[in-house]
2 protein chains.
Amino acid sequence: MPASPAEASTQIDRIHAVGARATPARIAVLRLLESAESALSHREIEEALATGFDRVTLYRVLDWLVESGLGHRITDGERVFRFSLAAPANASHAEHAHFRCECCGKMFCLADIPVPAPALPAGFSGKAVEYCVTGQCARCETDVSSDES
Amino acid sequence: MPASPAEASTQIDRIHAVGARATPARIAVLRLLESAESALSHREIEEALATGFDRVTLYRVLDWLVESGLGHRITDGERVFRFSLAAPANASHAEHAHFRCECCGKMFCLADIPVPAPALPAGFSGKAVEYCVTGQCARCETDVSSDES
DNA sequence: ACGACACATGCAACAAGGTTGCAACAAAGA
DNA sequence: TCTTTGTTGCAACCTTGTTGCATGTGTCGT
Ligand SMILES: [Mn+2]
Ligand SMILES: [Mn+2]
Ligand SMILES: [Zn+2]
Ligand SMILES: [Zn+2]
């Protein structure tokens, strides 16, 4: 089933809104991230998009995503970058906490949980804060508890 | 100037205390991290230790450092691990905040700043928290301000 | 002091994630 | 439709970190 034209044009508008060209790779990545429940790595995106976009093209789309402000990049603590969409159009992408599941490896944006403000030593000036919790996500938790021996 | 024997024996004792063999590479890394003001990457350690320890040996020493509990590892958000010593012998290495300077790239352990406890959504269970602030460190701040045009 | 043994080291090869240079290509606007 | 300028694909490369295996060495018992 091909993507509905209406859905695609939503993404095209978003791309044009930041003054960029709407290319198939960008549209596909936007659509994928839109439907993702967790932040995705380059690898995951490459696999989800069965279409044969070149590795480098995807890297460049992801760079563009972040630079244009349409998405943001986080590091998952295991040396890989993960990407998700910024808050849809309206609010500026407020700083928020992240959660990484050690079981399934997924990375969640906890948009509801505010990041506590830092208290820095004298002379230090902070700009951004990264707050990431690791543990088990809701799904993995239930999977484990229903797997009693 | 060669390392004082007294200094070296301090490191040797620490290594023996965790039931490990005191090798030149381990002693050198411990001594270096002891005197470091910020968490060091493998690369930085390799360069600081002019001695020709093999790349892999240093990686293994760093792995051992963390596994033995003598040190801890953090990710600096740019896909590299950094290492620093755990609190010297006495207290267990409590969770603490980190600061990464965007200017000089150094990573500081803010041992005094406690990490705020997370409030997670239902079903999620957290184990560890990573709290890292990025900005400008005290030194870079003064360097910039004394560089007025 | 000596020897045995377990553990640590060096080397080479490998792996994953990401970047760069450049020629060919295609959105967007005229 | 044409032109322009930004984007793509490909090949090569880089950085960080890991693995296998033969050789070397710290430690402990004697
Ligand atoms: Mn996020
Ligand atoms: Mn630390
Ligand atoms: Zn999970
Ligand atoms: Zn600095």
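Order of the sequence lines sets the chain letters (A, B, ...), proteins ahead of strands, with each chain counted from 1.
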To the nearest Å, how far apart are A:F53 CZ and D:dT7 P?
14 Å

Atom-to-atom span, CD of B:E67 to P of D:dT18 - whole angstrom:
10 Å

Is the backbone of A:Q11 close enough, under 3.5 Å, to the side chain of A:R31 for a donor and an acceptor to pair up by distance?
no

Mind calculating the distance between CG (A:D54) and P (C:dG17) to the nearest angstrom?
16 Å

Side chain of A:R21 only, please: which of D:dT5, C:dG10, C:dT19 is the nearest?
D:dT5

Pairwise side-chain contact, B:K106 with B:E37, heavy-atom cut-off 4.5 Å (strictly under)
yes

Are any of A:R43's side-chain N or O atoms less than 4.0 Å away from OP1 or OP2 of C:dA16?
no

Would you indicate which nucleotide in C:dA28, D:dG26, D:dT15 comes nearest to any side-chain atom of B:P24?
D:dG26

Between A:H42 and C:dA16, is there a contact of a side-chain N or O with OP1 or OP2 at under 4.0 Å?
no

Which residue lies toward the 5' end of DNA chain D, B:I15 or B:R60, if each is placed at its nearest nucleotide?
B:R60

Between the main-chain N or O of A:A39 and the side-chain N or O of A:R82, is there a donor-acceptor pair closer than 3.5 Å?
yes

If you compare every side-chain N and O of A:H16 against the phosphate oxygens of C:dA27 (OP1, OP2), does one of them come in below 4.0 Å?
no

Whole-Å distance separating the CD atom of B:E78 from the C1' atom of D:dG17
17 Å

A:R79 side chain: which of C:dA28, C:dG10, D:dG17 is closest?
D:dG17

What is the distance from CD of A:E47 to P of C:dG17, rounded to the nearest Å?
10 Å

Atom CG of A:L30 and atom P of D:dT7 are separated, to the nearest Å, by 13 Å

Per atom distances to the A:T23 side chain, the nearest of D:dT7, C:dA12, C:dG17 is D:dT7

Just wondering, do A:L33 and A:I45 contact through their side chains at under 4.5 Å, heavy atoms?
yes

Would you kindly give the CG-to-C1' distance between A:L58 and D:dC10, to the nearest whole Å?
14 Å

With a 4.0 Å limit, can you tell me whether B:T57 has a side-chain N or O closer than that to the phosphate oxygens OP1/OP2 of C:dG10?
yes

With a cut-off of less than 4.0 Å, is there a side-chain N or O of A:Y59 near OP1 or OP2 of C:dG18?
yes

Can you find a heavy atom in the side chain of A:D76 that is under 4.5 Å from one in the side chain of B:T75?
no

Between the base of D:dG17 and the side chain of B:R55, is there a donor and acceptor pair under 3.5 angstrom?
yes

From the list D:dT19, C:dT9, D:dT7, which nucleotide is the closest neighbour of the side chain of B:A25?
C:dT9

Nearest to the B:V56 side chain among C:dG17, D:dT8, C:dA12, which nucleotide is it?
C:dA12

